[in-house]
Amino acid sequence: MESMCSLAFISAEKRPLSLDIQSLANRLVRLDISEPSGVLVCVVAQSSLFEQIKARQFDDPHLMVLREKVLRGGAKEATIGADGVLRLQDRLCVPNVDILRKRILEEAYCS
């Protein structure tokens with residue numbers, strides 16, 4: 001998740017707008033205000049399976065050990081992306097959780 005920094009640095013009258021923008025970001029809506037004449041809005045679609053994998057990475061003790069190594073700089077082959085997802089050699093680390101394995105296999109057979 002992207003950070004909105006601290007509200008302490010935003011004037012009181014602009015804080016509600018900042019909270020609205022953060023709320024949109026949490027719903028995967030991105031705003032681009034690089035053009036002074038307008039605002040570009042887009043919705044970023046991600047698989048709910050991806051979101052489940054991301055959330056459940058914290059349920060796998062082996063992935064938690066790997067995550068700690070990455071955070072300490074001791075795992076060169078693994079990374080934690082800007083999206084907070086743990087990857088090994090640029091591949092998504094799928095936690096060893098039965099319900100996810102079942103869902104992945106079901107989607108693989110249905111494709």
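Values below: all heavy atoms of this structure, side chains included; hydrogens, waters and symmetry mates excluded. Since the structure is predicted, the reported quantities are computational estimates derived from the model, not experimental observations.
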- Message: Taking salt bridge (Lys or Arg N to Asp or Glu O under 4.0 Å) as the cut-off, I'd like each qualifying pair that reaches into residues 65-74, sequence neighbours left out, listed once.
- Response: none
- Message: Just verifying a value: how many Å separate D59 CG and I99 CD1, rounded to the nearest 0.5 Å?
- Response: 11.0 Å
- Task: Mind listing the closest non-hydrogen atom pair of A78 and V70 along with its distance?
- Result: CB-CG2, 3.5 Å
- Taking the hydrophobic residues Ile, Leu, Val, Met, Phe, Trp and Tyr, and joining any pair whose side-chain heavy atoms are under 4.5 Å apart, which ones share a cluster with F58? M64
- Message: Quick check: do V94 and L63 have side-chain heavy atoms less than 4.5 Å from each other?
- Response: no
- Cluster check L66, L71: I/L/V/M/F/W/Y, side chain < 4.5 angstrom: yes
Which atom pairs, donor and acceptor, lie under 3.5 Å between side-chain atoms of residues 84-93 and protein residues at least two apart or in another chain?
{"from": "R87", "atom 1": "NH1", "to": "D83", "atom 2": "OD1", "distance (Å)": "3.3"}
{"from": "R87", "atom 1": "NH1", "to": "D83", "atom 2": "OD2", "distance (Å)": "3.4"}
{"from": "R87", "atom 1": "NH2", "to": "D83", "atom 2": "OD2", "distance (Å)": "3.2"}

